[in-house]
Protein chains: 2
Amino acid sequence: MELEQAKNQFINLWGNFGSQWGINRSMAQVHAILLTSPTPLSTEDIMEKLQISRGNTNMNVRELINWNLVYKETVLGERREFFRAEKDMWEVAKRIVRERKRREIEPLMQHLNDLKTVESDNLAEKQDFENTIQSIDRLVNKLDSISNNLMKADEHAFFGMIVNLFK
Amino acid sequence: MELEQAKNQFINLWGNFGSQWGINRSMAQVHAILLTSPTPLSTEDIMEKLQISRGNTNMNVRELINWNLVYKETVLGERREFFRAEKDMWEVAKRIVRERKRREIEPLMQHLNDLKTVESDNLAEKQDFENTIQSIDRLVNKLDSISNNLMKADEHAFFGMIVNLFK
DNA sequence: ACAAGTTTTCAATATCTTTTGAAAGTATAG
DNA sequence: CTATACTTTCAAAAGATATTGAAAACTTGT
């Protein structure tokens, strides 16, 4: 396949994949274009290649910077900003995990805690509900603790350990 | 907190959580109501408690059955169908992983493969693109292989191994 | 075979999310 | 200080997604 065509396919692929996981299509596509650009890109470059508006580009680049997946870059003698994606995919994965944990898992854990014990005259039903919540809570906490450790480990160590485990 | 109130909060919580991860709100809410019901529920029950239409209820219950998270149940002397959720959350987690893998990760891996080698006169840029794709491909494959093993292991074994690893 | 109860489908509608683009805001050079 | 280059904001519009509800299809008992 030809390089330009392959890049376009990748932008598409990454966009679809993102939207299946609750990340908006444009944001994923901006990420894709930066991942596959050998040089940092300006807002104009991104607008042009993805055919999206200035506002849209600005907002999604900014969000990617919040996620720590994209850096601002200054180019000598250029007034406008350029953007460059983190290309170490292990880093990318860790940062996505970190961010989703912070934004979604932690609030979830907080709320589950509030539901752990309830009041009711119907003892059996009370117990049943509490069991379900406990069971969700245990799972979420375990996944959380794996993700904490994952973020400390380096790629080789992490996958090495996991793969060895199952041999 | 009072039981009924807690159930409502949970339905809400699960619905929000689902929609952040690309699962539609109603589907997650139907799942929540079944998870927290001590007895199987009919379509009518679900419609009434969630205040949603028959069509919506039917479609989402069916989707949950496709995901293997909900079972059809027959009640003696009743003509209509009842539904019951799988309550072992380790099982639930495994089934969600299995399904998302099948629907999303496998197609992704397929497409990445097609992008692994491209043609271009610009050797440096070709190399750069191929490196990025390779790096994504390696990560996805490793995550895939962990998830395969996870689905074979039982909960205790899995978490036991992971937790010990990081001690 | 019919009638009553139940489930499924799907076009129309409503809702929610994303995108646009022009205006306001900010920074920099001269 | 002022003009110009550039970035950010946000209300309105477009687009995507979810929901409704009534009709069609199916199922079961008599």
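Throughout, protein chains are lettered first and strands after them, A, B, ... in sequence-line order, and every chain is numbered starting at 1.
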For residues A:K101 and A:N148, is any side-chain donor paired with an opposing acceptor at under 3.5 Å?
-> yes
Spacing between B:M47 atom CE and C:dG5 atom P, to the nearest angstrom = 16 Å
For residues B:R62 and B:N66, is any side-chain donor paired with an opposing acceptor at under 3.5 Å?
-> no
Whole-Å gap separating P (C:dT19) and CZ (A:R54) = 17 Å
May I ask you to say what B:R79 touches in the nucleic acid, namely base, sugar-phosphate or nothing, with a heavy-atom cut-off under 4.0 Å?
-> base
Under-4.0 Å salt bridge between B:K126 and B:E130 = yes
Interatomic distance where CE belongs to A:M59 and C1' belongs to C:dT18 [whole Å] | 9 Å
Report yes or no: does A:S37 contribute a side-chain atom to a donor-acceptor pair with the main-chain N or O of A:L34 at less than 3.5 Å?
-> no
Salt bridge A:R98-A:E91, side-chain N to carboxylate O under 4.0 Å | no
Measure from the side chain of B:T43, starting at C-beta and using heavy atoms only, and say which of C:dT18, C:dT7, C:dT20 lies closest.
-> C:dT7
Short N/O separations, protein against nucleotides 10-17 of chain C, under 3.5 angstrom:
none

For atom CG of B:L64 and atom P of C:dT8, their distance in whole Å | 14 Å
For the pair B:E44 and B:R80, find out whether any cationic side-chain nitrogen is under 4.0 Å from an anionic carboxylate oxygen.
-> no
Measure from CD on A:E81 to C1' on C:dT28 and round the result to the nearest Å.
-> 13 Å
In Å, rounded to the nearest 0.5 Å, how long is the span from NZ of B:K49 to OG1 of B:T57?
-> 13.0 Å
Side chains of B:N12 and B:Q9, donor plus acceptor under 3.5 Å | no
Whole-Å distance separating the CG atom of A:L50 from the P atom of C:dT20 | 10 Å
Starting at atom CG of A:L76, determine the distance to atom C1' of C:dT28, rounded to an integer number of angstrom.
-> 15 Å
Does B:N58 or A:Q51 map to a spot on DNA chain C nearer the 5' end, using the closest nucleotide for each?
-> B:N58
OP1 or OP2 of C:dG5 sitting under 4.0 Å from any side-chain N/O of B:R80?
-> no
How would you give the extent of chain A contacts on DNA chain D, as first and last nucleotide 5' to 3' within a 4.0 Å heavy-atom cut-off?
-> D:dT4 to D:dT9
Inspect the contact between A:E106 and A:R102 and indicate whether a charged nitrogen and a carboxylate oxygen are less than 4.0 angstrom apart.
-> no
